[in-house]
Amino acid sequence: MRRPDQTQSLARWLAAEQAGRTEEAEAALAQLCAALPRPAPRAGFADAVLARVRIAGATEGYGLFASRWFKAAMALCGASTISLLMGLPAVWRAVSGAWSSAKLIQAAVSSIVELDQWLVAVLSVGAKLMLLGRMLADALAIVPVAALAAACVLVSALAFRFLRGLITGDRRWVYVDPI
């Protein structure tokens, strides 16, 4: 049930809205919203949640991080990381003797030359395809050649239609000689 001050605020808000007084309507609506109860959990809610978490933790064996196997795996990972970091300078010295800056520069230059040769081969094929396209375009610019090409396309479309009907029509094996 509404309190009398809420009813008066509601009546003030409705009257201001109907009259077109927006500032007064906003103030009355703000007063109505301020009078609404704030949502809050019931008393003891946090204790109930914590109790359920404790029960779930006890039944699951305290989770993955409390497992002995997990702790052993983490210790093994740490030990292998430390040993790798300690042995890294020796590995670097062994590898750095096999590689020199001259060999690195030579490998980079040779890879750039190979990439350039590949690009030249691709572009030469592309140039030949462009030449073929220009020749076809020049030939199709002549009216009798274009009409002949259109007729060939129509004949092949009709042939495709009839062949498709023949291929998909009868799928039984009655036309095969029995063995």
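Hydrogens, waters and symmetry mates play no part in the numbers below; they use all other heavy atoms, side chains included.
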d(R164 CZ, R161 CZ) to nearest 0.5 Å is 6.5 Å
One should read off an interatomic distance between L115 CG and S110 OG, to the nearest 0.5 angstrom, of 11.5 Å
CG (L158) and CG (L154) are apart, to the nearest 0.5 Å, by 6.5 Å
- Query: Are L14 and L32 in one and the same hydrophobic cluster, where Ile, Leu, Val, Met, Phe, Trp and Tyr link if side-chain heavy atoms are under 4.5 Å apart?
  - Reply: yes
Note: A149 and L140 closest approach over all heavy atoms is CB-CD2, 3.8 Å
CG of L148 to CD1 of I142, rounded to nearest 0.5 Å, is 11.5 Å
OG1 of T22 to CD of E26, rounded to nearest 0.5 Å, is 6.5 Å
Sorted by chain and residue number, the salt bridge (charged side-chain N to carboxylate O under 4.0 Å, His left out) partners of E24 (sequence neighbours excluded) come out as R21
Minimal heavy-atom distance between S9 and A28, with the atoms involved, is O-CB, 3.9 Å
Output for pair (L129 CG, L123 CG), nearest 0.5 Å, gives 11.5 Å
Q106 meets the side chain to side chain donor-acceptor pair (under 3.5 Å) criterion, sequence neighbours left out, with none
